[in-house]
Amino acid sequence: MRRARVASNGIIQYAFDLGDERIKLADGRICHQHEVDWLPPIEPRTTIALGLNYADHAKELAFKAPSEPLAFLKPRSSFVGHRSRTVRPDDAAYMHYECELAVVIGQRCRNISEAQAYQHVAGYTVANDYAIRDYLENYYRPNLPVKGRDTCTPLGPWLVTADEIPDPMNLRLSTSVNGVVTQQGNTRDMIFSIPALIAWLSSFMTLDAGDLILTGTPEGLADTPAGAEVVTEIEQVGRLVNTIVNATDYYAPGQRG
Amino acid sequence: MDPTHALLALDAAPGRLKLPYRGSPGASVQLGSVIGLALNERRELASLDGLTSAPPYQKPAQRPVLYLKPANTHVISGTQIALNAQTEAVSVAGCLGIVLGAPLARASAGEAARAILGYTIAADLSVPHDSYYRPAIRQKCQDGFCPIGPWLSPRASIGDPDALDITVEIDGVLAYRTSTADLVRSTTALLAEISQFMTLQAGDLILAGPSQSPAHARHGAHVAVSIAAIGTLDFSLAADAAHAEPGDRP
């Protein structure tokens, strides 16, 4: 099942993928993707994101691969849906995307082994975990002004249930900026695999239905200027489209929301 | 998980902690995000004196050092909190909890003051850690590591929120005393600063106080955190056998 949450005709409702950019709404109508407003496919409860979880990316940032996962939390206010706009602060010199496989937890789990981990996964979606590198400071790094900003975590388009993804540890990821491919990788190159992350997290905190794990990004970062269309895509999971807007335009009175 | 079960489980995702609201009989407020600031208490900040110009920090923090206490950490006052077998002691950082009654974005300090619904007490529990370099997820996000309550007192019932004494007692002995007057950023200044890049929602709770303190509590301890104008938050620490599940509690 590939299920989205959309707003259409004044109703927030589920929508299902019919292929060819067509969707079937819960109220029975069939629409084109462009005819609805896309919401994040779930309302994340707790979101744990991983830094430096691909060896090539760690090298790109001049870090050695960590011996324990480098995890940080994302605020609920940072999520936006498919085809939405993400704000670039006016003073930012370097803002980059991060294409990440997002794992959606489906049931409460505590102290589970790697072998049991997949039994607790409801499904997957695509996240774009933007960072504003200008704001990096060496306190609880990556700090929230870098990774926790409003609109800076597009999520979607779909929640794809786990039965449709037979091997989540072998999926191609790619990002393009204005149609030019800038990032390519494969989930098999994660340092800490999905089962390892679930086992590690659940060793000290209870995970619950609706919790989200953003599993990190491979190498290939690039700046995203205002106006850029950024597409983060993961094989079998989805193609998440986002457009960068500068803060002055986004917050100008009378602009479309 | 089979797909139907998975989708139904997500639709029925667990709720969030509800805090009794003393402004209206029988009312309660469902908490949203809980956001803390490290190095916002002057004594805690002073613990890094002489270190912030060297690696890994390089320079003093210019922006608020924020962190989140996730839903699995939220428990109501009176809870028995189970510590991991590996955790010998936890730091108890007693905080004023500021709860919003309206959304707040790109706000001034004056707008922030008007968005406050009321105040509660929270204890930010951590496995003690000296380094502030990486997010302290394993140290700060264990189940039950953010007891809250016992209730939410209306804004108007509290005097100046920037002059409240906070005491931590462990087994009846005073273990730490601080005050919201000792914070680098005042209550409304920190709300306004967070709101410049993160929209805060009604029900969100912001911790004003230290993020770690010298008050360390062990298995079996009974802890009381008091702010005279609000009341006393209390909890006890147990070994993992009596593991407290996160979520709503009476």
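In the text below, chain A, chain B and the rest are named by the order of the sequence lines, each starting its count at 1.
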How about [X] and [Y]: do any of their side-chain heavy atoms sit closer than 4.5 Å?
| X | Y | result |
| --- | --- | --- |
| A/Arg45 | B/Arg16 | yes |
| B/Pro135 | A/Leu70 | yes |
| A/Met205 | B/Asp143 | yes |
| B/Tyr67 | A/Leu144 | no |
| B/Asn72 | A/Asp208 | no |
| A/Asn143 | B/Leu66 | no |

Mind listing the closest non-hydrogen atom pair of [X] and [Y] along with its distance?
| X | Y | value |
| --- | --- | --- |
| B/Ala9 | A/Gly106 | CB-O, 3.2 Å |
| B/Ala13 | A/Ala209 | CB-O, 3.5 Å |
| A/Pro75 | B/Met198 | CB-CE, 3.7 Å |

Between [options], which residue shows the highest count of heavy-atom pairs closer than 4.5 Å to chain B?
| options | answer |
| --- | --- |
| A/Gly210, A/Ala71, A/Ser203 | A/Ala71 |
| A/Ala247, A/Pro89, A/Ala162, A/Pro142 | A/Pro142 |
| A/Arg149, A/Gln119, A/Glu164 | A/Arg149 |
| A/Thr46, A/Thr161, A/Asp150, A/Leu159 | A/Asp150 |

Think B/Arg63 forms a cation-pi with A/Tyr135, using NZ or CZ under 6.0 Å from the six-ring centre and within 45 degrees of its axis?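 Satisfied, under 6.0 Å and within 45°.
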
Is it the case that B/Arg134 places NZ or CZ above or below the six-membered ring of A/Tyr140, under 6.0 angstrom from the centre and within 45 degrees of the axis?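 No, B/Arg134 does not sit over the ring of A/Tyr140.
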
Are B/Tyr57 and A/Tyr139, when compared by the centres of their aromatic rings, separated by less than 6.0 Å?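 Between B/Tyr57 and A/Tyr139, the centre distance is under 6.0 Å.
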
For chain A, the option from [options] that forms the most heavy-atom pairs under 4.5 Å:
| options | value |
| --- | --- |
| B/Gln142, B/His5, B/Gln58 | B/Gln142 |
| B/Leu7, B/Asn84, B/Thr52, B/Val65 | B/Leu7 |
| B/Ser131, B/Ala136, B/Pro70 | B/Pro70 |

Report which part of [X] has an atom under 4.5 Å of a heavy atom belonging to chain A: side chain, backbone, both, or neither.
| X | result |
| --- | --- |
| B/Thr87 | neither |
| B/Gln62 | both |
| B/Leu39 | side chain |

Could you go step by step and tell me if B/Met1 and A/His120 meet the side chain to side chain contact (heavy atoms under 4.5 Å, CB included) rule? CA-CA 7 Å; B/Met1 299 181 74; A/His120 300 82; 5.6 Å; no

Answer yes when B/Asp11 and A/Arg3 have at least one side-chain N-carboxylate O distance shorter than 4.0 Å, and no when they do not.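 Salt bridge flag = yes for A/Arg3 with B/Asp11.
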
Quick one: do B/Lys59 and A/Glu137 make a salt bridge, cutoff under 4.0 Å?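 No, B/Lys59 and A/Glu137 are not salt-bridged.
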
Name the region of A/Val87, side chain, backbone, both or neither, that has any atom closer than 4.5 Å to a heavy atom of chain B.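 Neither the backbone nor the side chain of A/Val87 comes within 4.5 Å of chain B.
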
What part of A/Leu73 is in contact with chain B, defined as an atom under 4.5 angstrom from a non-hydrogen atom: side chain, backbone, both or neither?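 Contact with chain B is through both the backbone and side chain of A/Leu73.
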
Other residues, nucleotides, ligands: >12 heavy atoms within 6.0 Å of A/Asp167 CG: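 Correct, the count exceeds 12.
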
Within the supplied structure, the quantity of interest is the number of heavy atoms (other residues, nucleotides, ligands) at a distance under 6.0 Å from B/Glu88 CD; does it exceed 12?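 At most 12 heavy atoms, drawn from other residues, nucleotides or ligands, come within 6.0 Å of this atom.
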
Nearest 0.5 Å please: distance from the CD atom of A/Glu43 over to the CG atom of B/Leu10.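 Going from the CD atom of A/Glu43 to the CG atom of B/Leu10 covers 11.5 Å.
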
Could you tell me whether a side-chain N or O of A/Asn138 sits under 3.5 Å from a main-chain N or O of B/Pro56, the two making a donor and an acceptor?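 The answer is yes, because a donor-acceptor pair under 3.5 Å joins these two groups.
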
Checking the side chain of A/Asp163 only, and the main-chain atoms of B/Asp2 only, is there a donor and an acceptor separated by less than 3.5 Å?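 Absent.
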
Name the residue from B/Arg138, B/Gln139, B/Gln86 that meets the side-chain contact (heavy atoms from CB on, under 4.5 Å) definition with A/Phe204.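 Among the candidates, only B/Arg138 passes.
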
